[in-house]
Amino acid sequence: RTIPLHITKKFNPSCLINSTQTHKVVARCYATSIVDYTLNNTKRLSPTMLYLRDDKRDRDIYLIGTVHISQASADQVKEVITTVKPDTVMIELCNKRHADMLNKMGPNMNIPPPGSDNNNNTQQKPMSLSDILSDLMNTLRSGKELPDAFTQVLRKVMKNYYKVAEVLGFIPGQEFMVAIREATKMSPPSRLVLGDRGVDETLKRMMQCIPTLLNKTDMSSEFPPEAQELFDRLTKAFVEKDMKTLNECVEEFKNPEKMRALIKIWKEEYPEMYSALVDERDQIMTKSLLECGGKVIVGVVGFGHLDGMEKYWRQADFNTKVPAKVDFPVQSAMVVASQLMRWLSASNPG
């Protein structure tokens, strides 16, 4: 099976692999048209898309790896959807996050400008440890049970991160908004598939892993110097609100070598958290892709999921190792609350 003609014209595929066992073709594709991925005035071919071929069901799948605050990612999503005109678009969202996106976009499916729901709060700052603990205590005092209180506070921490990004001029999740909008603009409209696990289930899995993370006192793996340098530049640019450098750093997270080095450390040092946040969702979203209808499918997921989803795609009939239902880990929540109290006391001895 050869790569479709419109792909050879629009993209430059490499690393073509044809598996006779699974009847699937995999190719890393380097976007070369419309969107130029530029860093330090040098054109960069970004390996941010997988072409997946399912010969058994005669389907072409284009899986785009994004950074959730990257304008270039949003542009690439639009480019691919308008080029291949998919029957189905699968995105890394669940029902709750999809509803949030639709609420932001409004009935006209417009992409909101950065900070449009921040009430012009240019002083938005990341939540501190004491902020998180204070929110947790206030939520508990309001009558919420421990599971609901922890879930609510974790959601608030995540929203705080996105609001800080918006104040800096980014539009978090823009690529998903673009995918939703472009899917509805197709004639006929592309079917939209929400391929990710529910956000509350993922938060519960995070809570199960946090006690192990808190008990870890040191790292046995050496942090890659190039990754450390990237984080140092990112932190400095964030403090100085240097948008040019911030955007450059964001695009560097699409570098496969750097991403794989970071994921390798994550898997070695925090295997439970890696499984909860990445591997289990790789499996779930690959299953979603396999179950999609239509002959042409576009998937939009975080760049860090590409390698894992490629791995599971190669396996013809992999069995997911994901909890069917996650109960809230009350013991884990109590351990975390106790540790937060100790940290807060240590930072405020008076």
Side-chain angles (χ1 to χ4, degrees), residues 2-14 25-38 43-54 57-93 97-98 101-102 104-114 170-196 247 250-251 254 285 288-289 292-303 305-306 309:
T2 59
I3 299 289
L5 183 61
H6 61 269
I7 283 294
T8 59
K9 286 183 176 179
K10 295 289 288 184
F11 302 102
N12 177 22
S14 70
V25 176
V26 181
R28 284 278 178 177
C29 296
Y30 295 75
T32 58
S33 61
I34 301 178
V35 181
D36 285 331
Y37 298 88
T38 306
K43 280 190 177 181
R44 184 160 64 102
L45 301 181
S46 180
T48 52
M49 192 174 82
L50 281 174
Y51 166 69
L52 308 171
R53 170 69 193 170
D54 186 346
R57 295 173 61 185
D58 187 27
R59 300 187 305 161
D60 297 311
I61 295 95
Y62 308 92
L63 185 61
I64 308 166
T66 70
V67 174
H68 299 320
I69 57 174
S70 165
Q71 177 65 51
S73 287
D75 293 340
Q76 187 183 22
V77 168
K78 179 178 179 179
E79 176 193 12
V80 173
I81 290 177
T82 56
T83 299
V84 305
K85 297 177 172 49
D87 303 306
T88 304
V89 175
M90 189 280 286
I91 54 178
E92 183 195 327
L93 291 181
R97 287 179 291 156
H98 177 239
M101 292 284 176
L102 291 180
K104 286 183 179 181
M105 296 172 73
N108 294 324
M109 293 285 179
N110 294 324
I111 308 298
F170 295 105
I171 305 175
Q174 183 181 3
E175 80 273 33
F176 298 130
M177 298 184 205
V178 168
I180 294 167
R181 184 189 65 194
E182 296 304 317
T184 62
K185 287 168 64 177
M186 290 291 108
S187 182
S190 303
R191 179 184 176 223
L192 189 69
V193 172
L194 308 178
D196 201 3
N247 277 295
V250 165
E251 294 308 306
K254 298 175 187 175
M285 290 190 287
S288 295
L289 271 184
C292 280
K295 296 297 184 183
V296 179
I297 300 158
V298 169
V300 183
V301 301
F303 185 71
H305 289 290
L306 280 190
M309 292 182 70

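The first residue in the sequence is number 1, and the count goes up from there. Computed from heavy atoms alone, side chains included, the values below leave out hydrogens, waters and symmetry copies.
- Annotation for Ser190 and Pro86: closest pair OG-O, 2.6 Å, computed over non-hydrogen atoms.
- Put simply, OG1 on Thr66 and NE2 on His305 are 9.0 Å apart, with the number rounded to the nearest 0.5 Å.
- In summary, the aromatic rings of Phe176 and His98 are positioned with their centroids too far apart to meet the 6.0 Å limit.
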Step-by-step side chain to side chain contact (heavy atoms under 4.5 Å, CB included) determination, Lys85 to Val296: CA-CA 8 Å; Lys85 297 177 172 49; Val296 179; over 6 Å; no

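- Taking all atoms of both residues into account, the shortest heavy-atom contact from Ser288 to Met90 is CB-CG, 4.2 Å.
- Judged by distance alone, with hydrogens and angles left aside, the side-chain atoms of Glu92 form a donor-acceptor pair with the main-chain N or O of Gly302 at under 3.5 Å.
- Note that CE of Met177 and CZ of Arg181 are 10.5 Å apart. Values are rounded to the nearest 0.5 Å.
- With contacts defined as side-chain heavy-atom distances shorter than 4.5 Å, the pair Phe170/Val250 qualifies.
- Contact annotation: the side chain of Val67 approaches that of Lys254 to within less than 4.5 Å [non-hydrogen atoms, C-beta and beyond].
- Considering only heavy atoms from C-beta on, Arg191 stays 4.5 Å or farther from Asp87 through its side chain.
- Within the 4.5 Å cutoff, side-chain heavy atoms of Leu192 are placed close to those of Val89.
- A donor-acceptor pair shorter than 3.5 Å cannot be found between the side chains of Ser73 and Glu175.
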Please evaluate residues Val84 and Asp60 with respect to the criterion side chain to side chain contact (heavy atoms under 4.5 Å, CB included), reporting the C-alpha separation (whole Å), side-chain torsions for both, the decisive distance (0.1 Å), and the verdict. CA-CA 10 Å; Val84 305; Asp60 297 311; over 6 Å; no

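- For the residue pair Glu251 / Ser70, a side-chain donor-acceptor distance below 3.5 Å is found, with atom types taken as modelled.
- Counting only N and O atoms by type, the side chains of Asp75 and Gln71 include a donor and acceptor under 3.5 Å apart.
- To the nearest 0.5 angstrom, Cys292 atom SG is 8.0 Å from Ile61 atom CD1.
- Here the CD1 atom belonging to Ile91 is positioned 11.5 Å from the CD1 atom belonging to Ile64, to the nearest 0.5 angstrom.
- When only modelled atom types and interatomic distance are considered, Thr82 and Lys185 share no side-chain donor-acceptor pair under 3.5 Å.
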Does the side chain to side chain contact (heavy atoms under 4.5 Å, CB included) test come out yes or no for Val178 and Val300, once each step is laid out? CA-CA 10 Å; Val178 168; Val300 183; over 6 Å; no

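- Side chain of Thr88 to backbone of Gly293: a donor-acceptor contact under 3.5 angstrom is found.
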